[in-house]
Amino acid sequence: MQYWLMKTEPNECSIDDFANQPSEVIRWDGVRNYQARNFMRNMHIGDEVFIYHSSCAHIGIAGIVRVTRSAYADPSQFDTESPYFDSKATKEKPRWDAVDLQFVRKFSQIISLDKLKTLPELAENSLVKKGSRLSVVPFSKAERDAVLQLTNQQ
DNA sequence: GCCAACGTTGGC
DNA sequence: GCCAACGTTGGC
């Protein structure tokens with residue numbers, strides 16, 4: 001089992017989109033950064049993913065989802081109507097991958113970025129590093145446990 | 001809305 | 001292979 005965090009703007013896709021249809025899977029597509037894509041290729045079915053809300057009023061970790069399908073070619077790269085269309089991607093040589101995710105739990109309160117920055121366990125995690133734009137972030141078990149500890153205190 | 005930080009592109 | 005220019009991310 002591995003642990004991850006994925007960033008999203010909640011007006012695009014939020015923890016509520018998962019919570020409102022907990023038996024459905026949602027395709028996580030549109031990742032257009034090679035480092036993030038490479039992390040997605042390392043995901044396995046059952047891995048836990050923190051959902052992080054960015055660029056919004058309440059920035060922080062909103063809940064947990066689970067990987068239900070490992071990386072496969074992101075269909076949006078071939079879709080000329082999609083904002084994620086990539087003219088350099090071909091079916092023979094896709095550039096970008098998607099994974100499927102399913103709801104696990106929503107935290108009663110967002111774990112704010114300010115709070116996350118106070119955790120010594122997260123000091124080396126790229127999420128809290130200034131200027132980090134990585135949208136798919138690996139978490140060690142110790143880092144993940146430190147975050148979950150906060151939810152128990154809520 | 002601002003802007004620092006970052007990743008990508010493309011000319012050379 | 002370098003690096004300036006550009007577009008995007010994301011906190012504030």
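In what follows, every chain begins at residue 1, and chains take the letters A, B, ... in the order their sequences are listed.
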**OP:** Between A/Arg95 and A/Ser132, name the one whose nearest nucleotide on DNA chain B is closer to the 5' end.
**Re:** A/Ser132
**OP:** For A/Gln35 and for A/Lys88, find the nucleotide of DNA chain B with the closest heavy atom, then tell me which residue's nucleotide is more 5'.
**Re:** A/Gln35
Original post:
Quick one: do A/Phe50 and A/Leu119 end up in the same hydrophobic cluster if we chain Ile, Leu, Val, Met, Phe, Trp and Tyr together by side-chain heavy atoms under 4.5 Å apart?
Top reply: yes
**OP:** Could you tell me whether the side chain of A/Gln102 reaches within less than 4.5 Å of the side chain of A/Val65, counting heavy atoms only?
**Re:** no
Subject >> Within-4.5 Å side-chain heavy-atom neighbours: A/Leu101 and A/Val49 >> reply: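 A/Leu101 vs A/Val49: side chains touch.
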Original post:
Quick one: how far along DNA chain C does chain A reach, first to last nucleotide 5' to 3', anything under 4.0 Å to a heavy atom?
Top reply: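 First and last nucleotides in contact are C/dG7 to C/dC12.
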Original post:
Going by atom types alone, do A/Tyr72 and A/Arg27 pair a side-chain donor with an acceptor below 3.5 Å?
Top reply: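 Their side chains do contain a donor-acceptor pair, which is all the 3.5 Å distance test asks for.
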Original post:
When we call it a touch if two heavy atoms are under 4.0 Å apart, what does A/Lys117 touch: a base, just sugar-phosphate, or nothing?
Top reply: sugar-phosphate
Subject >> Pairs involving residues 46-64 of chain A, ordered by first then second residue, that meet side chain to side chain donor-acceptor pair (under 3.5 Å) (sequence neighbours left out) >> reply: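 Of all non-adjacent pairs touching residues 46-64 of chain A, those that pass side chain to side chain donor-acceptor pair (under 3.5 Å) are A/Trp4-A/Asp47, A/Glu48-A/Arg144.
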